[in-house]
Structures are given as structure tokens and as C-alpha cells.
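Structure first, then comments.
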Amino acid sequence: MTDTRYLVHGVFWADPQPAAPAAGLPGAGRAALRLQDPAGVFTELALDAGTLLGFRLAAREKRCLGHHKVHGPADRDHVSCPDRAAAARGTQCGPCFAVDDSRLIHDFHRGGYVPPGLRSYLMQPHWLYVATFANGASKVGTAANLRKWHRLAEQGAVVARYVARADDGRVVRVLEDLVTRDAGLPQQVRSAAKAAGLTAPPPAAALDERNSRLAARVRVLLRGAGQEGFEVVDERWLRPALADAACTPAARHAYPHDLGSDAHGFRIASLTTSAS
Ligand SMILES: [Zn+2]
């Protein structure tokens, strides 16, 4: 690669069993780094076991990644930041955060307004899952039908099970709140805690046992919840093979250098992500 400056949008995963191969993605169950050049054109850089990845930080400050407009279940547009501003709220500047459709998702089940495109996205079937991470923490969460597998890959789950299939995104969030209230499962595990857990993950069998037990408890809770519009399911999430080694105990240590500046180079052996 040349010395082009890219805006890094992060690591994205391709579905292990895609209904139709995703355009521009490197293959089933594989990861790619999504880069945007100064002209706004996106490139997917495949990240496989053995890939050499080298980069130099152009600036210490993170730049805004823009926002999304949702038009339907599988239809959304990315809008680049008009000001190329600094990222003030996570990965966005204030104005981009304010107009991002995803901001409205969390209040939908409490009667909050959503525009028609986002409504049609939220009215697709949704899945409720219990995920367990390398630091031993677990959470309850939701995924839209078309994001069923990706949502868990992005968050870096070590083990996860789907516990319910809901008619839409409103029902699933009612169930999610119920599980948090009555089973004490949080809806978020901090990215930094998940990543730190990867230096010494517990044996896979221990995490699987914990996840299985929590998922069973949640299924019992859901069956007695007196809610409608969903069915209880018992289905394992399939972890990407590229993440296996990172999620397994081994002698390893945290990267000792500051990734916020300077130049870095790696040969990838295994890869997992820790989006929140
Ligand atoms: Zn912006």
C-alpha cells in the first residue's frame, strides 16, 4: 500500500453462511479492515491468519466517521462527515451523532419517534442472545435478523446462544429489559474489559458452561414472562475460526506500545474485535 491517508472505519466480519456473498467482502466468516480514502472511496483490506499489517498514524486525534441513514432492513446509506471534524462522541462529531438514525433505536420500544426507513428496519424479526466474553462477563443483547451473526462477531463474544426470536425490534427490547431486570444480566460489557480479558481467557469449557447455564435461566424466565410476539429458541452462535486462538488460553501479553501514535507492524495469527 502507498502512503495514502485513510479514515479507518474498523474491522468488519463476513457472514460464515451468507445467503448471498457480500459485495467487496473477502469471504465467508472472514474479517476485513474498512478504509475510506480522501476521495470518499471505500476499500476492504482482508485480514487473514498470516496477513502482514503495517500502518503509521497520521494524527493522534480520531476523526469523525460520519453517520448512517437507514432506509430499510438491508438498505442504508453512509454519509461522510461534511466538516471532516474531530470525533467528539465515540466515533462521531456532535452534528453527525445528532443526525445518526441509530441514536433513535434505543427509545423505539418506549414509544420514541423513528423515521419510516428506520421503522421498517426495526420491524424485521430480531434475536435475543446471551453472550459471554473472555473476561468472564456476560450480557444480554439483541440483533436484527440480517445482523444475527455479525452483531456477536463484532462484539468479540467467546461463546453465545440465541434464546428468543422476536417478531420485531420493539418486542425484543422489551424482552431484553425484562432479562436485565429479572436475571440481572447487563446490556453492555465495556470494550476495554473485554480486550483486557484476552490476555488470560478462562478455558473455553468454563465459559461455555457459564453461558449455557445463563441462557437456560433466561429461557425459563422468558417462558413465564407473559409476553407475546416471540418464541423461545436454543441455538448456538458460531464463532469465526479466525478468533479461535485469541479466545483460547495461551502464554501471551498485552501489546506494550501506544497504538495512538507512531508506526506499527503485525503478522496476524488470530483476530477478534470488541465493539460495544
Ligand atoms: Zn461528523
Side-chain angles (χ1 to χ4, degrees), residues 1-14 22-25 31-47 53-110 112-122 124 141-144 146-147 150-151 153-156 169 173 187-195 258-264 271 273-276:
M1 230 169 243
T2 63
D3 60 354
T4 306
R5 287 187 174 203
Y6 290 98
L7 199 54
V8 180
H9 283 252
V11 174
F12 290 79
W13 292 90
L25 276 173
L33 194 61
R34 189 171 293 169
L35 306 170
Q36 189 180 14
D37 74 14
V41 177
F42 281 90
T43 305
E44 308 276 359
L45 185 70
L47 301 177
L53 177 66
F55 55 88
R56 179 181 297 281
L57 276 292
R60 176 163 276 281
E61 190 180 48
K62 287 185 181 168
R63 310 306 295 181
C64 173
L65 297 182
H67 73 278
H68 285 94
K69 278 286 163 222
V70 179
H71 306 298
D75 184 12
R76 62 172 57 203
D77 282 333
H78 172 258
V79 183
S80 294
C81 181
D83 303 326
R84 303 186 178 210
R89 309 192 62 150
T91 60
Q92 295 172 302
C93 70
C96 287
F97 174 83
V99 295
D100 197 311
D101 276 350
S102 62
R103 189 176 57 89
L104 303 170
I105 286 177
H106 304 286
D107 285 326
F108 177 56
H109 67 299
R110 297 187 202 104
Y113 167 79
V114 295
L118 185 59
R119 165 170 285 274
S120 111
Y121 175 85
L122 286 166
Q124 70 179 304
T142 74
L146 289 168
R147 304 250 312 132
H150 298 79
R151 184 85 189 96
E154 286 162 8
Q155 293 179 83
R173 283 179 180 79
Q187 297 178 10
Q188 199 156 35
V189 174
R190 285 190 315 114
S191 293
K194 286 189 272 189
D258 174 14
L259 281 167
S261 65
D262 212 351
H264 304 268
L271 189 150
T273 47
S274 62
S276 55

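Order of appearance sets the numbers: ligands from 1, and atoms from 1 within every ligand.
Listed by first then second residue, pairs satisfying salt bridge (Lys or Arg N to Asp or Glu O under 4.0 Å) with a partner in residues 60-80 read Arg60-Asp258, Glu61-Arg63, Lys69-Asp101, not counting sequence neighbours. The list of ring pair (Phe, Tyr, Trp, His ring centres under 6.0 Å) pairs with a residue in residues 90-109, not counting sequence neighbours, is empty.
Between Asp107 and Arg110 there is a salt bridge, with a side-chain nitrogen of the basic residue lying less than 4.0 Å from a carboxylate oxygen of the acidic one.
Between the side chains of His67 and Gln92, not a single donor N or O lies within less than 3.5 Å of an accepting N or O.
In this structure, His78 and His9 have perpendicular ring planes: the angle between them is above 60°, well past the 30° mark.
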Side chains of residues 84-91: which donor-acceptor partners sit under 3.5 Å, not counting sequence neighbours?
from	atom 1	to	atom 2	distance (Å)
Arg84	NH2	Pro38	O	3.1

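Of all protein N/O/S atoms, those under 2.8 Å from the Zn ion (ligand 1) are Cys64 SG, Cys81 SG, Cys93 SG, Cys96 SG, and waters are not counted.
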